[in-house]
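Computed from heavy atoms alone, side chains included, the values below leave out hydrogens, waters and symmetry copies. Proteins come first, then strands; the chains are lettered A, B, ... in the order of their sequence lines, and each starts at number 1.
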2 protein chains.
Amino acid sequence: MELSERKKKILQCVVDDYIETAVPVSSKSLTERHLPNISSATVRNELSALEELGYLTQLHTSSGRVPSAEAYKLYVSDLMIKDKLSEKEIDYIKKIFLEKADNLEEVIKNTTKVISELTSYTSVGVATPDVDEKINIIKFFRYKIDTALVLIVTERRLLKDNYISVPEGMTDEQLSEAESVLSRLLSGKSFEEVCNIKDDINDEFSGYKNIFLNVVEALKVYMTVKESDVVMEGQDKILDNPEYADISKIKNFLSVVTKKDKVMTLLAGDGRDIKINVKIGTDGYEEIPKDCSLVTATYSANGTKIGTYGVIGPIRMDYQKVVAVLENVGKILESILTNR
Amino acid sequence: MELSERKKKILQCVVDDYIETAVPVSSKSLTERHLPNISSATVRNELSALEELGYLTQLHTSSGRVPSAEAYKLYVSDLMIKDKLSEKEIDYIKKIFLEKADNLEEVIKNTTKVISELTSYTSVGVATPDVDEKINIIKFFRYKIDTALVLIVTERRLLKDNYISVPEGMTDEQLSEAESVLSRLLSGKSFEEVCNIKDDINDEFSGYKNIFLNVVEALKVYMTVKESDVVMEGQDKILDNPEYADISKIKNFLSVVTKKDKVMTLLAGDGRDIKINVKIGTDGYEEIPKDCSLVTATYSANGTKIGTYGVIGPIRMDYQKVVAVLENVGKILESILTNR
DNA sequence: GTTAGCACTCAAAACGATTGACTGCTAATT
DNA sequence: AATTAGCAGTCAATCGTTTTGAGTGCTAAC
């Protein structure tokens, strides 16, 4: 059922005020601050109707009203007036990204830093591995008798965090032979394609099957989300919100937001094509603390998803600001990464 | 001035009890729990003498006594009965370290994890770069027209996080020539020695001076403590302590302990040869939150310092446990790293 | 040097009364 | 039929008072 325009307007004002003040909002304050042309009694009637519909709740009979999870969702999707960032804020984002854009990890870290600074909430993010990333060069560097470092150059970056074990008795010549065979076989292929290569594809390569399998293992590690792909910033920001005056709430919040594995599950499985995503803890998401809201944006460059970043904070969150920041950061980040 | 045996005993009991209960300790509870042979009035006299000496304080006339920073220092150095870890706990430490000991970064991360788990406090640590580390092999891998990855194999590890920019027009042959010249020049030398090499040391090398200077820059980065050398665990553990019921205290604590740069200054400049080090916030250490105590241990292997690890928590901290854990972790860690 | 005993102190808990910001409802008004 | 004024009723929050009891310090006796 569609709400009347007036109900929408009133609901929007309630959410606005509650986000601003953290205090249950009363009919009187609504008429005084936003609706000078109707009486508080009328507003009371509307409020009680909105309560009936599940958008508002009351702590007790004589208290003001507080928005429900339903109301916040409607607010973000329909009611909220979109915020614009100031020149200064946009310049700040640009500055941060441009001063250190060489290293992808730095960029990721900076993304959460900027988001947390500008929103004043805890920010979380995860860089999504790109299974379509294509291999250009593959190189082995033996540095111990039985271990070699695998260097993989792709279109976008240099992967250098995996090791393979070298079979006993393999000479340096054989290893560099393996290198050139594999290079020829794999270059131009995406990670996913490499992982799907069937055994019996190529005669000349058959001698290096073990090495090949090791490399596939290494690629698989790159293709999965790992704790090292997760970043978090500003965990202490939650304490600035008056509803977090309760130690047990803080503890609950921190026990999620200081642990990379938990943040990883928090951000896992976010829809691919949805840009801004709002999840509210009371709404049945197991991983999100009950009194929290998680707002995320999924960023892409050159048509592939590069990561999910967002903000976790009280349900009563400044969604206008958060959405504006996430969108602007996304725009700038995507433009930087697309230009490569 | 030396305390009488009885004063020492009483002070020890006060600290023990206060650490256990977090409640100011009274003369009555002391006689009941620990000193059945003297009357509470006698204890009261002794307590008031200890207060005179600066070891105890009272919140108000009719409250029990609380240890001062002075008292804790004496407690740790003199009064405390050293704790032993249980078999189970020692096995736990061994298990953690043995299951993933291949990668130095993992080991470092595990060190703080174990310390935090076993003590139930926030743990912090920093891996100290070793300026005496000796270079075995140096290798360049050009992966962009103007950039090469520098791989440096030392006695202990493979460094692979630095890039040098390659002069325009330099061919692959010239780069590999530079590689072998530098390899000959640098292998067997320590980082520090390399940084002190004077310009005019070698004719054959003079053509690659720029590359050499780039490599020195890279080594200097390895030789300084960086944020990536800092690890932290269990930042939420502080909330289990009843004296942290106050949001502003929590905020203060978290604002230090969620930021790598701050933890870095916290751990900076710890004496080289001191094993266990106790610093109490009220004692004039700028970086430590006023109501906190920082207990650190400095670990070495093969005669060189490998890092400083410890625990940060309330002044009223279980020093017996903490010291025991730090010592045991140290023993096991040092034995693992020395065996390399 | 110890100790029993008592007066005194003071934070914390318990209690009760008051306040005031709300709502819901009813009856009058538009 | 929708709006509104007016009033009774609700309830958390605040404030002041009292009570309680754990604790000390001091004195006089042992």
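- Checked for salt-bridge contact, Lys259(A) and Asp236(B) meet the test: a charged N lies under 4.0 Å from a carboxylate O.
- Comparing dT24(D), dT23(C), dT4(D) by their closest approach to the side chain of Leu47(B) singles out dT24(D).
- Comparing atom distances between the Arg65(B) side chain and each of dA22(D), dC11(D), dG25(D) picks out dG25(D) as nearest.
- Taking atom CZ of residue Arg33(B) and atom P of nucleotide dG23(D), one finds them 12 Å apart after rounding to whole Å.
- Nucleotide dT4(D) holds its C1' atom 16 Å from the NZ atom of Lys28(A), rounded to whole Å.
- One interatomic measurement links the two molecules: CG of Asp17(B) to C1' of dG23(D), which rounds to 15 Å at whole-angstrom precision.
- Residues Ala41(B) and Ala41(A) each lie close to DNA chain D; by heavy-atom proximity, the contact nearer the 5' end of the strand is made by Ala41(A).
- Side-chain proximity of Arg44(B) to dC22(C), dT2(C), dT24(D): nearest is dT24(D).
- Going from atom CG of Leu30(B) over to atom C1' of dG23(D) covers 12 Å, rounded to whole Å.
- Regarding contacts with the backbone of dT24(D), every side-chain N or O of Ser62(B) stays at 4.0 angstrom or more from both OP1 and OP2.
- Per the geometry, CD belonging to Glu51(B) stands 16 Å off P belonging to dG23(D), to the nearest Å.
- Distance Asn45(A) CG to dT4(D) P: 10 Å, rounded to the nearest Å.
- Using a 4.0 Å cut-off, some side-chain N or O of Ser27(B) falls inside it from OP1 or OP2 of dT24(D).
- Leu59(A) comes within contact range of no nucleotide atom at all, as no heavy-atom separation falls under 4.0 Å.
- Counting only heavy atoms from C-beta outward, the side chains of Ser116(A) and Tyr121(A) never approach each other to under 4.5 Å.
- Within 4.0 Å (heavy atoms only), Ser40(A) reaches no atom of the nucleic acid at all.
- Residue Gln58(A) contributes atom CD, which lies 5 Å from atom P of dG24(C) at whole-angstrom precision.
- His60(A) places its NE2 atom 5 Å from the P atom of dA12(D), with the value rounded to the nearest Å.
- Contact check on Glu89(A) versus Lys84(A) returns no salt bridge, with no Lys/Arg side-chain nitrogen under 4.0 Å from an Asp/Glu carboxylate oxygen.
- When distances run from any side-chain atom of Thr42(B) to the nucleotides dT2(C), dG24(C), dC22(C), the shortest one goes to dT2(C).
- Note on Lys82(A) versus Glu327(A): salt bridge recorded, some NZ/NE/NH1/NH2 to OD/OE distance being below 4.0 Å.
- Screening Glu52(B), Glu51(B), Glu46(B) against Lys7(B) for a salt bridge (Lys or Arg N to Asp or Glu O under 4.0 Å) leaves a single residue, Glu46(B).
- Remark: Thr61(B) is in phosphate contact with dC10(C), judged by side-chain N or O atoms under 4.0 Å from OP1 or OP2.
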